[in-house]
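Note sheet for the following structure.
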Protein chains: 2
Amino acid sequence: MLSKKTQYAFHALIHLAENADKGPILISEIAQEKNISIKFLENILLELKNAGILGSKKGKGGGYYLMRAPKEIPLARIIRLLDGPIALLPCVSLNYYERCETCKNEAVCGLNEVMSKVRDATLKLLENKTLKDILTRN
Amino acid sequence: MLSKKTQYAFHALIHLAENADKGPILISEIAQEKNISIKFLENILLELKNAGILGSKKGKGGGYYLMRAPKEIPLARIIRLLDGPIALLPCVSLNYYERCETCKNEAVCGLNEVMSKVRDATLKLLENKTLKDILTRN
DNA sequence: CTATATCCTATAGTTTTTATAGGATTTATG
DNA sequence: CATAAATCCTATAAAAACTATAGGATATAG
């Protein structure tokens, strides 16, 4: 399961996308709207900003805003940033690979093969679906 | 990522399947072969037994053995048993469903839609692939 | 100058995961 | 029947990860 952190990030990004025309949005506004602890959300938005996904403005009239169009933000990007690996096993992770200590030859390991397929099927969706795809459909 | 518990379970099941002709297998043998803490493994095998996946025999000549053919044991079964939900969000989980508190209408939620697709793609593999599919290929 | 809002880093609280301990029970066998 | 071998069972400890909070630093609008 995705962590609360990542779930909150998605909800916050959705709010920012749906209010992109209103200029910078306050942390407190998002927190209230989406029922998230304001201080926890603050940390999350900061991480998104440091990753270049969000921009911010300080002081009166400040807040957070998207740095790029929703369709340019793949869901996989958010998950990897806040949750880490998407793969089910370290030995099939593309971004967080670790060699399997138990199995002698990954090329012949059946578990590795199946989990690689799971990873591919998951990534095909999460890398192609973007913030735009999770906005409320009207 | 899958927990160590689930990873150990897979390795133990593989060992049991590959030595099914040798009668009951000792916990200690599996632990040594796969480099798993013997006491931790004991708990895992017990859970698998209580779930009807393994059988056991006590006393001298005892040990654990598979209760059914490897091709009858889907990987999803093991994961759900030891790791819980396979879905990325509670609101798209088939076996551990929980209503989303933030979104007003799941039928219209884009996040729900995408994560449902991820779940389906993952389950298509994990419910159809079995212990037989992860045995070493020779 | 002041109020506002993010920035930054530390830490506290909670839950989950991983691992260990030790006695109870069952069974094979001499 | 006594003994050794093995799983059964439950509790608890140790470590790690996750969730949340705190409070001062910094930047900016007006």
Side-chain angles (χ1 to χ4, degrees), chain A residues 1-12 16 22-32 34-67 79 81-85 88-90 96 101-102, chain B residues 1-12 16 22-32 34-67 79 81-85 88-90 96 101-102:
Chain A
M1 301 271 265
L2 298 177
S3 65
K4 288 277 182 195
K5 210 168 165 182
T6 300
Q7 295 183 40
Y8 291 161
F10 280 137
H11 286 124
L16 288 171
K22 303 205 182 76
I25 306 289
L26 294 181
I27 299 176
S28 56
E29 175 185 323
I30 303 171
Q32 184 169 9
K34 301 291 188 177
N35 243 292
I36 306 171
S37 147
I38 186 171
K39 273 299 199 176
F40 195 28
L41 182 58
E42 193 181 311
N43 291 313
I44 295 167
L45 296 182
L46 204 50
E47 273 192 79
L48 290 169
K49 188 211 152 191
N50 290 333
I53 293 160
L54 297 182
S56 70
K57 198 183 166 194
K58 287 182 177 177
K60 190 164 191 177
Y64 280 97
Y65 49 88
L66 295 175
M67 283 293 276
I79 295 175
L81 180 66
L82 300 173
D83 240 52
L88 293 181
L89 294 178
Y96 300 82
E101 288 170 14
T102 305
Chain B
M1 300 269 267
L2 298 177
S3 65
K4 287 277 182 193
K5 210 167 165 183
T6 300
Q7 295 182 41
Y8 290 161
F10 280 138
H11 286 124
L16 288 172
K22 304 205 184 76
I25 307 288
L26 294 180
I27 298 176
S28 56
E29 175 185 322
I30 303 171
Q32 184 169 9
K34 301 293 187 177
N35 243 294
I36 307 172
S37 147
I38 186 171
K39 272 301 199 176
F40 195 28
L41 181 57
E42 193 182 310
N43 291 315
I44 295 167
L45 296 182
L46 203 51
E47 274 193 78
L48 290 168
K49 188 210 151 189
N50 291 333
I53 293 161
L54 296 182
S56 69
K57 197 182 165 195
K58 286 182 177 178
K60 191 165 190 178
Y64 280 96
Y65 49 88
L66 295 175
M67 282 295 275
I79 295 175
L81 179 66
L82 299 173
D83 240 51
L88 293 181
L89 294 178
Y96 301 81
E101 288 169 16
T102 305

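Here is how names work: the chains are called A, B, and so on, in the same order as the sequence lines, proteins then strands, and each is numbered from 1. Heavy atoms only: backbone and side chains are in, while hydrogens, waters and symmetry mates are out.
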Please identify each residue that fulfils side chain to side chain donor-acceptor pair (under 3.5 Å) with Lys5(A), with sequence neighbours left out. Glu47(A)

Rounded to whole Å, how long is the line connecting atom [atom1] of [X] with atom [atom2] of [N]?
X: Met1(B); N: dT18(C); atom1: CE; atom2: C1'; value: 15 Å
X: Asn50(B); N: dC9(D); atom1: CG; atom2: P; value: 6 Å
X: Lys39(A); N: dT11(C); atom1: NZ; atom2: P; value: 15 Å
X: Leu41(B); N: dA6(D); atom1: CG; atom2: P; value: 15 Å
X: Ile44(A); N: dA20(D); atom1: CD1; atom2: P; value: 8 Å
X: Leu45(A); N: dC8(C); atom1: CG; atom2: P; value: 13 Å
X: Glu47(B); N: dT18(C); atom1: CD; atom2: C1'; value: 13 Å
X: Lys49(B); N: dA6(D); atom1: NZ; atom2: P; value: 17 Å

Stems for DNA chain C (at least 3 consecutive Watson-Crick or G-U pairs, under 3.5 Å) come to C:1-30 with D:1-30

Nearest 0.5 Å, what's the [atom1]-[atom2] distance between [X] and [Y]?
X: Leu45(A); Y: Leu16(A); atom1: CG; atom2: CG; result: 7.0 Å
X: Leu88(A); Y: Ile79(B); atom1: CG; atom2: CD1; result: 6.0 Å
X: Leu82(A); Y: Thr6(A); atom1: CG; atom2: OG1; result: 4.5 Å
X: Ile27(A); Y: Ser56(A); atom1: CD1; atom2: OG; result: 8.5 Å
X: Thr102(B); Y: Phe10(A); atom1: OG1; atom2: CZ; result: 13.0 Å

Show me the protein contacts with nucleotides 10-13 of chain D, counting only N or O atoms at under 3.5 Å.
residue: dT10(D); atom: O4; partner: Asn43(B); partner atom: OD1; Å: 3.3

Considering residues, nucleotides and ligands other than Lys4(B), do more than 12 of their heavy atoms fall under 6.0 Å from its NZ? no

Take a 6.0 Å sphere around CE of Met67(B) and say whether it holds more than 12 heavy atoms from other residues, nucleotides or ligands. no

Do you know which two heavy atoms are closest between Tyr65(B) and Pro24(B), and how far apart they sit? CD2-CG, 4.2 Å

Could you pull out the closest heavy-atom pair between Leu41(A) and Ala12(A), with the gap in Å? CD1-CB, 4.1 Å

For Tyr8(B), which of Asn43(B), Ile30(B), Leu2(B), Ile36(B) qualifies under side-chain contact (heavy atoms from CB on, under 4.5 Å)? Ile36(B)

Please tabulate, one pair per line, each protein N/O and nucleotide N/O from nucleotides 15-19 of chain D that are separated by under 3.5 Å, including the distance.
residue: dT19(D); atom: OP1; partner: Lys4(A); partner atom: N; Å: 3.1
residue: dT19(D); atom: OP2; partner: Lys4(A); partner atom: N; Å: 3.2

Is Asp83(A) reaching over with its side chain to a backbone N or O of Ser3(A), donor-acceptor style, under 3.5 angstrom? yes

Side-chain (Gln7(A)) to main-chain (Leu89(B)) donor-acceptor, under 3.5 angstrom: no

Tell me, please, which residues at least two apart from Lys39(B) pass salt bridge (Lys or Arg N to Asp or Glu O under 4.0 Å). Glu42(B)

Protein and nucleotides 2-5 of chain C: nitrogen or oxygen contacts under 3.5 angstrom:
residue: dA5(C); atom: O4'; partner: Gly59(A); partner atom: O; Å: 3.4

Phosphate contact (dT20(C) OP1 or OP2) by Ser37(B) side-chain N/O below 4.0 Å: yes

